[in-house]
Number of protein chains: 2
Amino acid sequence: MTDIPCNQCPLRALPLFTLFSCWASRFKTLSDGRRQILNFLLPGDFIGVQQKMTEASAHGVEALSDVSLCTFQRDALWALHRAAPSIGFDITWLAAHEESLVDDNLLSVGRRSAEERIATLLILLFKRAAVVMPQGGVDGVPFPLTQQHIADGLGLSLVHTNKTLRKLERRGLHRIEGGRLYLRDTRALVRLADLYGDGKPSPRPLI
Amino acid sequence: MTDIPCNQCPLRALPLFTLFSCWASRFKTLSDGRRQILNFLLPGDFIGVQQKMTEASAHGVEALSDVSLCTFQRDALWALHRAAPSIGFDITWLAAHEESLVDDNLLSVGRRSAEERIATLLILLFKRAAVVMPQGGVDGVPFPLTQQHIADGLGLSLVHTNKTLRKLERRGLHRIEGGRLYLRDTRALVRLADLYGDGKPSPRPLI
DNA sequence: CGACAACTTGAGACGCTTCAAAAAGGGTGG
DNA sequence: CCACCCTTTTTGAAGCGTCTCAAGTTGTCG
């Protein structure tokens with residue numbers, strides 16, 4: 001792991017703050033070892049405002065392999081907001097964006113079956129990973145997650161994750177091989193994930 | 001429901017942006033009606049940056065009873081960041097805080113049993129509700145949630161929620177009556193929730 | 001070639017879900 | 001004040017999805 005001072009981070013629209021050379025995950029654990037991955041971070045992603053980071057060791061970030069990243073202090077964050085409001089605005093936006101990832105995952109974990117959760121995760125990760133790929137992922141995208149990561153991300157047991165993964169693979173929906181993920185029947189995956197059909201207006205719309 | 005222009009919102013350290021006269025919830029639904037409440041909003045809470053609000057009706061906010069609130073546009077948000085960086089900073093902080101609520105809930109839904117989830121929710125909601133109470137909730141706190149709300153918040157079925165709730169109540173851990181929540185054996189509830197014991201440092205600490 | 005991590009598979013147990021239906025509240029109009 | 005309706009709560013019973021336990025296989029790296 002390499003730690004790069006903020007002022008040296010070279011990247012993208014918002015170079016100052018974050019990024020990896022590889023994947024990582026935010027997670028929480030219970031005292032008996034049960035572990036829940038909150039969301040995955042891909043190269044180029046923003047590490048959320050980790051204010052609660054130090055509060056307890058309950059909340060962590062784990063690298064799935066070597067990463068390089070930038071960290072910043074709360075004070076520095078405030079200074080930045082004052083000095084460069086537009087970047088501060090971007091940070092707010094990015095924080096909100098990260099939350100939306102967690103929101104999506106909570107919907108999965110709370111209300112989708114194992115098959116549906118896995119289909120959802122594969123599609124979403126593929127999409128994110130394909131963005132930085134040359135041809136949009138025609139020959140798959142890099143996929144460094146172990147089945148244990150997937151299980152912890154979806155609130156499933158390792159065993160059941162494996163069986164479900166194999167079932168979908170045997171049905172020809174996807175393939176994971178050599179550290180790469182291939183979607184072979186995107187339509188079926190999307191159908192399983194119910195990614196479009198979201199709906200139902202709020203009974204009492206507020207906004 | 002009353003809609004108050006932002007510049008008139010009277011409240012707290014950060015009067016401009018949010019708040020209710022009552023409770024509400026953020027949720028998502030699947031096309032077949034399955035519903036997951038992401039987090040609950042209590043009086044005084046901030047409504048997150050609802051950028052994705054309009055993206056699809058998949059994401060909603062429901063009032064549990066009449067509420068009054070402030071809304072703001074994305075542009076207004078940007079203008080605010082520029083004009084008042086300190087408030088912009090607070091917004092970032094609040095957005096991150098709301099995310100931490102969702103994180104906590106995701107840990108519950110993904111890795112806690114039904115009993116543990118309910119214990120966790122009761123304690124956390126009680127704490128939040130007690131803050132604004134005169135005596136810190138010695139005679140309970142207002143509790144407008146139905147069991148369906150609790151079920152949707154915890155990723156459980158209504159039936160199982162009811163049975164678990166009754167089991168805990170019969171064991172003397174809590175009481176819900178007349179729209180109020182009373183914690184009767186906080187210690188036992190905390191033990192169930194594993195709220196302190198969080199632990200386990202990251203295998204590969206990043207920060 | 002030995003060691004360790006990741007993956008795979010089978011089998012039994014249990015927690016939670018679904019279905020079904022009744023009881024208890026809460027509000028409204030006659 | 002009662003009759004009615006609709007929402008919320010409660011309880012029983014059966015089914016199944018997921019978990020745990022157990023062990024074997026495959027892959028990787030030194």
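Values in this document were obtained by computation on a predicted structure and should not be read as measured data. Any value given below was found using the heavy atoms of this structure, including those in side chains, with hydrogens, waters and symmetry copies removed. Proteins get letters first, then strands, A, B, ... in listed order; numbering begins at 1 in each.
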Distances under 3.5 Å between nitrogen or oxygen atoms of protein and nucleotides 5-11 of chain D:
{"unit_1": "D:dT9", "atom_1": "OP2", "unit_2": "B:Q147", "atom_2": "N", "d": "2.9"}
{"unit_1": "D:dT10", "atom_1": "OP2", "unit_2": "B:Q147", "atom_2": "NE2", "d": "2.7"}
{"unit_1": "D:dT10", "atom_1": "OP2", "unit_2": "B:N162", "atom_2": "ND2", "d": "3.0"}
{"unit_1": "D:dT11", "atom_1": "OP1", "unit_2": "B:R166", "atom_2": "NH1", "d": "3.4"}
{"unit_1": "D:dT11", "atom_1": "OP2", "unit_2": "B:R166", "atom_2": "NH1", "d": "3.2"}

Using a cutoff of under 3.5 Å, can you pull out all pairs of nitrogen or oxygen atoms linking the protein to nucleotides 22-28 of chain C, with atom names and distances?
none

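Atom CD1 of A:I37 sits about 11.5 Å away from atom OG1 of A:T29, to the nearest 0.5 Å. For the atom pair A:Q147 CD and A:I176 CD1, the distance stands at 7.0 Å (nearest 0.5 Å). Here A:T120 contributes atom OG1 and A:N105 contributes atom CG; the two are 9.5 Å apart, rounded to the nearest 0.5 Å. Atoms CD and CG, on A:E99 and A:N39 in that order, are 11.0 Å from each other to the nearest 0.5 Å. The distance from atom CG of B:D194 to atom OG of B:S108, rounded to the nearest 0.5 Å, is 10.0 Å. The distance from atom CG of B:L173 to atom OG1 of B:T186, rounded to the nearest 0.5 Å, is 9.5 Å.
Look at CD on B:E115: it is 16 Å from P on C:dC14, rounded to the nearest Å. The distance between atom CZ of B:R117 and atom P of C:dG15, rounded to the nearest whole Å, is 13 Å. Rounding to whole angstrom units, NE2 of residue A:H160 and P of C:dG15 are separated by 17 Å. In this structure, the CZ atom of A:R111 is 17 Å from the P atom of D:dG17, given to the nearest Å. B:L156 has its CG atom 15 Å from the C1' atom of D:dG17, to the nearest Å. When rounded to the nearest whole Å, the span between CD1 of B:I118 and C1' of C:dG15 equals 13 Å. Atom-to-atom, CD1 of A:I150 to C1' of C:dA6 comes out at 12 Å; the value is rounded to the nearest Å. In this structure, the CZ atom of A:F143 is 14 Å from the P atom of C:dA6, given to the nearest Å.
The main-chain N or O of A:R34 is never found under 3.5 Å from a side-chain atom of B:R111 such that the two would form a donor-acceptor pair. Checked by atom type and distance alone, the side chain of A:R117 pairs as donor or acceptor with a backbone atom of A:L154 at under 3.5 Å. Side chain of B:R26 to main chain of B:F40: no donor-acceptor pair is present (N/O by atom type, distance under 3.5 Å, no hydrogens or angles).
For the pair A:G153 and A:Q36, the tightest heavy-atom approach, listed with the atom from each and the gap, is O-NE2, 3.1 Å. The minimum heavy-atom distance between A:L168 and A:L192, with the atom names listed, is CD2-CD1, 3.9 Å.
Across all strands shown, B:G155 has heavy atoms under 4.0 Å from sugar-phosphate atoms exclusively, and none from any base.
In this structure, the helix from C:dC1-D:dG30 to C:dG30-D:dC1 shows an angle of 40° between the axis at its start and the axis at its end, each fitted on 5 base pairs and rounded to 10°.
For the pair B:V131 and B:M133, the minimum side-chain heavy-atom distance is 4.5 Å or more.
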Between side-chain atoms of residues 137-146 of chain B and protein atoms elsewhere (two or more places apart, or another chain), which donor-acceptor pairs fall under 3.5 Å?
{"unit_1": "B:T146", "atom_1": "OG1", "unit_2": "B:Q148", "atom_2": "N", "d": "3.3"}
{"unit_1": "B:T146", "atom_1": "OG1", "unit_2": "B:H149", "atom_2": "N", "d": "3.2"}
{"unit_1": "B:T146", "atom_1": "OG1", "unit_2": "B:H149", "atom_2": "ND1", "d": "3.0"}

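Pairs engaging residues 156-178 of chain A under the salt bridge (Lys or Arg N to Asp or Glu O under 4.0 Å) rule: A:E115-A:K167, A:E115-A:R171, A:R175-A:E177 [sequence neighbours left out].
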Checklist line | Annotated protein contacts, base or backbone, on nucleotides 24-30 of chain D with a non-hydrogen cut-off under 4.0 Å, one of B, S, - each | finding: -------
